[in-house]
Amino acid sequence: MDWLIIPGIVVTFIGLGLLFYTIARIMRAKKQGLSDEQMKLQLQSAVAWNLCAMGCSAIGLMMVVIGIML
């Protein structure tokens, strides 16, 4: 099942990249000194990106584990 391991690694790294993007986005928002309402909007958006990134990473890791087990 080597054909499942390599795409799983790629999907996992995409998820990790999205996690780093989310972290950088929040750090930028903190440095900008936004008002409470604007910061709340930024954080709500970041939560959605974070969930997407974690889901992407989890799916990639599941693909790798299934590829190794089979």
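All residue numbers in this chain count up from 1 along the given sequence. Worth knowing before you read on, the calculation uses all heavy atoms, side chains too, and leaves out hydrogens, waters and symmetry mates.
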Verify same cluster id: W3, I59 (apolar side-chain graph, 4.5 Å): yes
Which atom names give the shortest non-hydrogen contact between L19 and S57, and what distance separates them? CD1-OG, 4.5 Å
Starting at CG of L70, measure out to CG of D2 and round the result to the nearest 0.5 Å. 11.5 Å
State, to 0.1 Å, how close A53 and L18 come at their nearest heavy-atom pair, and which atoms those are. CB-CB, 3.5 Å
Heavy atoms of C56 and I14 approach each other most closely as SG-CG2, 4.0 Å
Check: M63 and I5 side chains under 4.5 Å, non-hydrogen atoms: no
Measure across M39 and A29 and return the closest heavy-atom pair with its distance rounded to 0.1 Å. CE-O, 3.5 Å
Spell out, as yes or no, whether a donor-acceptor pair under 3.5 Å connects the side chain of T22 to the backbone of A46. no
Measuring from atom CE of M62 to atom OG1 of T12, what distance do you get when rounded to the nearest 0.5 angstrom? 9.5 Å
Evaluate whether atom OH of Y21 has more than 12 neighbouring non-hydrogen atoms of other residues, nucleotides or ligands under 6.0 angstrom away. yes
Can you find a heavy atom in the side chain of K40 that is under 4.5 Å from one in the side chain of D36? no
Given M54 and N50, is the side-chain contact (heavy atoms from CB on, under 4.5 Å) satisfied, shown in steps? CA-CA 6 Å; M54 294 296 286; N50 193 24; 3.9 Å; yes
Apply the test side-chain contact (heavy atoms from CB on, under 4.5 Å) to residues S45 and R25: give CA-CA distance (whole Å), side-chain angles for both, the deciding distance (0.1 Å), then the verdict. CA-CA 10 Å; S45 174; R25 187 174 169 173; 2.8 Å; yes
Which distance, rounded to the nearest 0.5 Å, do you find between the CD of Q32 and the CD of Q38? 8.5 Å
